[in-house]
Amino acid sequence: MSFQQAAARAGANIALVKYWGKRDQRLNLPAAGSISITLAGLETRTTVTPDPVLGADEFLLDGVEQPPGRVGAVLDLIRERAGETAACRVESRNNFPTGAGLASSASGFAALAVAASRAFGLELSDSELSGLARRGSGSAARSIFGGFVEMDAGTLDSGADAVAHRLLPAEDWPLEVVVAITDSGSKAVGSRDGMNHTMRTSPYYPAWVETVADDLDAARSAIASRDFEMLAQTAEHSALKMHASMLAARPGLVYWNPATLACLHAVRALRSAGTGVFFTIDAGPQVKAVCLPGESERVAALLGEQPGVHDVLVTGLGAGAAQVPAR
Ligand code: PMV
């Protein structure tokens with residue numbers, strides 16, 4: 001038996017080319033690729049303590065006991081690989097609101113993959129960690145890496161090639177991110193249910209999947225050449241197209257509130273007036289504004305003034321998931 005307590009941290013990420021829909025439910029394989037940025041200031045810290053005396057896994061999120069669910073499923077994969085059976089106590093803390101479209105599942109499962117694999121003595125590559133994190137949540141595969149990250153849909157039935165890789169380190173293009181919180185409660189429909197509902201019922205879903213490859217090409221080349229305007233147009237198009245596919249589901253999924261729309265217009269007005277900024281919106285009502293270095297203060301001030309905005313967070317791009325000393 002070889003296990004010990006281990007801890008890890010991981011940053012949330014925000015997709016610029018969105019992931020919405022799966023090609024395999026059991027292995028959680030995405031129907032198309034995606035591109036994201038990993039954030040510095042929004043992070044999850046997770047401690048995994050294997051304990052053979054425990055009858056079953058225990059999971060605490062921000063101090064509140066939760067059903068182990070997918071956390072237990074990811075632990076099972078790691079235990080199987082390590083040839084171990086001990087149940088674990090998992091304690092996870094987010095420094096940002098959980099479940100409100102701020103991708104807490106991404107940082108959470110990335111931190112879990114790193115902490116749990118170390119707890120069971122496994123030395124895995126980033127690509128293997130990305131595959132494990134994906135089993136918890138599709139977007140988590142990207143939070144293993146820092147900076148600009150691409151997730152591949154892969155073609156293998158095993159899912160072995162459905163992993164992320166880094167496109168560019170954060171320091172090479174230190175964009176800034178402003179998150180406008182327009183609702184701090186949990187979202188009504190989680191992303192897993194929302195994307196499955198869209199796949200089943202939206203006539204726009206096939207068009208969505210067919211057009212992601214073009215957006216990936218455009219975003220990849222915009223990132224390589226630091227072409228902010230091309231990245232802005234591609235990211236806004238991807239976000240609005242994803243929401244269009246959800247709106248056309250039956251019944252339609254409407255994640256936005258009036259403040260979401262106010263922020264979206266405010267960002268576009270700023271960009272027309274020459275500020276380097278664009279918006280993106282996930283499966284929730286928050287607006288994320290991505291800005292050129294030095295622009296976040298002005299963007300945060302404007303978004304903070306929009307009616308219905310409760311709070312504004314400002315952060316930069318950050319590093320990938322990493323083990324940290326257990327406390
Ligand atoms: O990783 P999941 O299952 O929570 O899905 C994430 C879906 C979006 O956040 C809406 C888009 C994305 O690519 O992160």
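Note that ligands are numbered from 1 as they come in the structure, with each ligand's atoms numbered from 1 the same way. Counting begins at 1 with the first residue of the sequence.
Heavy-atom contacts of Ser105 reach the following atoms of ligand 1: 4 (O) (cutoff under 4.0 Å). Close approach to Ala283 involves these atoms of ligand 1, each under 4.0 Å from a residue heavy atom: 10 (C). Residue contact check: Arg142 has heavy atoms under 4.0 Å from atoms 12 (C), 13 (O), 14 (O) of ligand 1. Residue Ala15 has at least one heavy-atom neighbour below 4.0 Å for each of these atoms of ligand 1: 12 (C), 13 (O), 14 (O).
Distances between N or O atoms of Lys18 and those of ligand 1 include no value under 3.5 Å. For ligand 1, the polar-atom distance check against Ser139 finds a nitrogen or oxygen pair separated by under 3.5 Å. The shortest N or O to N or O distance between Tyr19 and ligand 1 is under 3.5 Å. Considering both main-chain and side-chain atoms, Asn13 never comes within under 3.5 Å of ligand 1 through any nitrogen or oxygen pair.
In this structure, Arg45 contributes its side chain and Asn95 its backbone to no donor-acceptor pair below 3.5 Å. Looking only at distances, a side-chain donor or acceptor of Asp51 sits under 3.5 Å from a matching main-chain atom of Val53.
No side-chain N or O of Asn196 forms a donor-acceptor pair with one of Lys22 less than 3.5 Å apart. Side chains of Thr234 and Asp215: no donor on one and acceptor on the other come within 3.5 Å. When only modelled atom types and interatomic distance are considered, Arg142 and Ser36 share a side-chain donor-acceptor pair under 3.5 Å. In this model, no donor atom of one side chain and acceptor atom of the other lie less than 3.5 Å apart for Asp214 and Thr211. A donor atom on one side chain and an acceptor atom on the other are found under 3.5 Å apart for Thr44 and Asn94. Side-chain atoms of Thr49 and Gln5 include a donor-acceptor pair closer than 3.5 Å.
Looking only at side-chain heavy atoms (C-beta outward), Leu75 and Phe59 stay at 4.5 Å or farther from each other.
The part of Met195 lying near ligand 1 is the side chain, judged by heavy-atom distances below 4.0 Å. With a heavy-atom cut-off of 4.0 Å, Arg70 does not touch ligand 1 at all.
Ligand 1 lies out of reach of Ser34, whose nearest heavy atom is not under 4.0 Å from it. In this structure, Ala106 does not count as a contact residue of ligand 1, since none of its heavy atoms falls inside 4.0 Å of the ligand.
Here atom 4 (O) of ligand 1 lies nearest to Ser191 when heavy atoms of Gly136, Ser191, Pro30 are compared.
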